[in-house]
Amino acid sequence: RVKLDEIIDKELKRRERYGTLCSIILIDIDYFKLVNDTHGHLVGDSILKEFAAILKENMRDTDYVGRWGGEEFMIILPQTDQSGALSLAQHLRANVEEFLFTTVGKKTASFGVATCTEQDDIQSLIDNADKALYRAKESGRNQVVCYNQL
């Protein structure tokens, strides 16, 4: 998580110096607690590894992905505008929904997208993505929500 903060900080400094865009996606596996409660933590760990592999296989080499905490992941998208971030998030959402996870079968995930503005610092950018993720979850899960569309 510390490494993700460092990468965001670097991308925000690039934005300030060169005017480049940067977006982030926060992702939460829907109803993941039920996996651990029903099948145990070893199966939960297996699901997390499979989920991370889906993310990695469907990103550009220049993007960064990491576990944000629990069943949450973050993707940092350098030089990516809102449209590009939304497109990737929708692509990932569909791939997760179609994947057959070991032991548990089908799972879904919710996605919160935020694109940096001139006013953003690390905390505000993460907070914006988190608010979008919260809206995706409270609106029924298995969807992508962009912060500026709240």
Side-chain angles (χ1 to χ4, degrees), residues 1-37 44-45 47-99 101 104-150:
R1 189 167 174 162
V2 171
K3 184 66 174 171
L4 292 172
D5 281 340
E6 290 172 5
I7 294 167
I8 293 172
D9 184 52
K10 187 179 283 186
E11 290 306 318
L12 290 175
K13 286 176 180 169
R14 258 192 206 120
R15 184 216 61 224
E16 189 175 310
R17 183 168 182 189
Y18 301 113
T20 60
L21 288 175
C22 155
S23 296
I24 64 171
I25 305 171
L26 275 181
I27 310 154
D28 189 85
I29 302 172
D30 296 330
Y31 303 110
F32 184 76
K33 184 179 182 315
L34 189 60
V35 171
N36 283 335
D37 291 349
D45 288 347
I47 301 310
L48 291 172
K49 289 175 187 172
E50 289 176 309
F51 188 82
I54 293 168
L55 299 180
K56 288 179 186 176
E57 289 169 9
N58 289 281
M59 295 175 13
R60 302 171 301 189
D61 291 339
T62 55
D63 299 333
Y64 302 91
V65 64
R67 189 163 165 204
W68 188 243
E71 69 276 10
E72 286 189 342
F73 290 79
M74 177 186 283
I75 300 174
I76 302 168
L77 307 166
Q79 298 184 28
T80 304
D81 63 10
Q82 176 181 299
S83 175
L86 283 170
S87 178
L88 175 61
Q90 289 290 7
H91 177 74
L92 291 170
R93 189 204 59 73
N95 282 332
V96 169
E97 185 177 35
E98 293 170 8
F99 189 83
F101 288 89
V104 302
K106 299 285 187 171
K107 293 298 297 169
T108 60
S110 299
F111 295 74
V113 175
T115 300
C116 66
T117 66
E118 289 182 20
Q119 295 77 32
D120 279 318
D121 58 17
I122 292 174
Q123 195 56 54
S124 65
L125 183 60
I126 293 169
D127 287 348
N128 292 345
D130 194 49
K131 288 173 188 170
L133 174 60
Y134 180 79
R135 176 66 59 89
K137 293 182 87 57
E138 77 174 1
S139 299
R141 302 176 196 266
N142 190 31
Q143 55 188 291
V144 175
V145 173
C146 186
Y147 173 72
N148 76 344
Q149 296 172 339
L150 296 179

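When a residue number appears, it is its place in the shown sequence, counting from 1.
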Test ring pair (Phe, Tyr, Trp, His ring centres under 6.0 Å) applied to Phe32 - qualifying residues, sequence neighbours left out: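 With neighbours one apart ignored, the set is empty.
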
The criterion is ring pair (Phe, Tyr, Trp, His ring centres under 6.0 Å); which residues satisfy it with Tyr134, sequence neighbours excluded?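 Listed in chain order: nothing, the list is empty.
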
Please report the interatomic distance [atom1]([X]) to [atom2]([Y]), rounded to the nearest 0.5 Å.
X: Asp127; Y: Leu26; atom1: CG; atom2: CG; result: 9.5 Å
X: Lys10; Y: Ile122; atom1: NZ; atom2: CD1; result: 12.0 Å
X: Leu125; Y: Ile24; atom1: CG; atom2: CD1; result: 4.0 Å

Under the rule for salt bridge (charged side-chain N to carboxylate O under 4.0 Å, His left out), what residues qualify as partners of [X], not counting sequence neighbours?
X: Arg14; value: Glu11
X: Asp28; value: Lys137
X: Asp121; value: none
X: Arg15; value: none

Looking at side-chain heavy atoms only, is the closest gap between Val96 and Ile29 below 4.5 Å?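 No. Closest side-chain heavy atoms not under 4.5 Å.
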
Quick check: do Asp63 and Leu88 have side-chain heavy atoms less than 4.5 Å from each other?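 Contact flag for Asp63/Leu88 side chains = yes.
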
Partners passing side-chain hydrogen bond (donor to acceptor under 3.5 Å, both in side chains) against [X] (at least two apart in sequence or in another chain):
X: Lys33; value: Asp37
X: Glu118; value: none
X: Asp45; value: none

Residues 49-59, side-chain donor-acceptor partners within the protein, below 3.5 Å, at least two apart:
from: Glu50; atom 1: OE1; to: Thr102; atom 2: N; distance (Å): 3.2
from: Glu50; atom 1: OE2; to: Thr102; atom 2: N; distance (Å): 3.4
from: Glu50; atom 1: OE2; to: Thr102; atom 2: OG1; distance (Å): 2.6
from: Asn58; atom 1: OD1; to: His91; atom 2: NE2; distance (Å): 3.1
from: Asn58; atom 1: OD1; to: Asn95; atom 2: ND2; distance (Å): 2.9
from: Asn58; atom 1: ND2; to: Ile54; atom 2: O; distance (Å): 2.7

May I ask you to decide whether Asp9 forms a salt bridge with Lys13, counting only side-chain N to carboxylate O separations under 4.0 Å?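 Yes.
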
Should Glu97 and Arg93 count as an ion pair when the cut-off is N to O under 4.0 Å?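 Counted as a salt bridge, because a side-chain N and a carboxylate O are separated by less than 4.0 Å.
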
If you look only at distance, which donor and acceptor atoms sit under 3.5 Å apart when one is on a side chain in residues 66-79 and the other is two or more places apart or in another chain?
from: Arg67; atom 1: NE; to: Gly70; atom 2: O; distance (Å): 2.8
from: Arg67; atom 1: NH2; to: Gly70; atom 2: O; distance (Å): 3.0

Closest approach of Ser139 to Gln143 (non-hydrogen atoms, all atoms of both residues):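 So the two residues come closest at O-NE2, 2.8 Å.
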
Given 3.5 Å as the limit, does a donor-acceptor pair link the side chain of Asn128 with the main chain of Ser124, or not?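 Between the backbone of Ser124 and the side chain of Asn128 there is a qualifying donor-acceptor contact (under 3.5 Å).
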
Test side chain to side chain contact (heavy atoms under 4.5 Å, CB included) applied to Val144 and Leu92, step by step: CA-CA 10 Å; Val144 175; Leu92 291 170; over 6 Å; no

Check residues 104-117 and write down every donor-acceptor pair under 3.5 Å in which the side-chain atom is one partner and the other belongs to a residue at least two apart or another chain.
from: Lys106; atom 1: NZ; to: Glu98; atom 2: O; distance (Å): 2.8
from: Lys107; atom 1: NZ; to: Asp30; atom 2: O; distance (Å): 2.9
from: Lys107; atom 1: NZ; to: Tyr31; atom 2: O; distance (Å): 3.4
from: Thr108; atom 1: OG1; to: Asp30; atom 2: OD2; distance (Å): 2.7
from: Ser110; atom 1: OG; to: Asp30; atom 2: OD1; distance (Å): 2.7
from: Ser110; atom 1: OG; to: Asn142; atom 2: N; distance (Å): 3.3
from: Thr115; atom 1: OG1; to: Ser23; atom 2: OG; distance (Å): 2.8
from: Thr115; atom 1: OG1; to: Gln82; atom 2: N; distance (Å): 3.4
from: Thr117; atom 1: OG1; to: Gln119; atom 2: N; distance (Å): 3.3
from: Thr117; atom 1: OG1; to: Gln119; atom 2: OE1; distance (Å): 3.3
from: Thr117; atom 1: OG1; to: Asp120; atom 2: OD2; distance (Å): 3.1

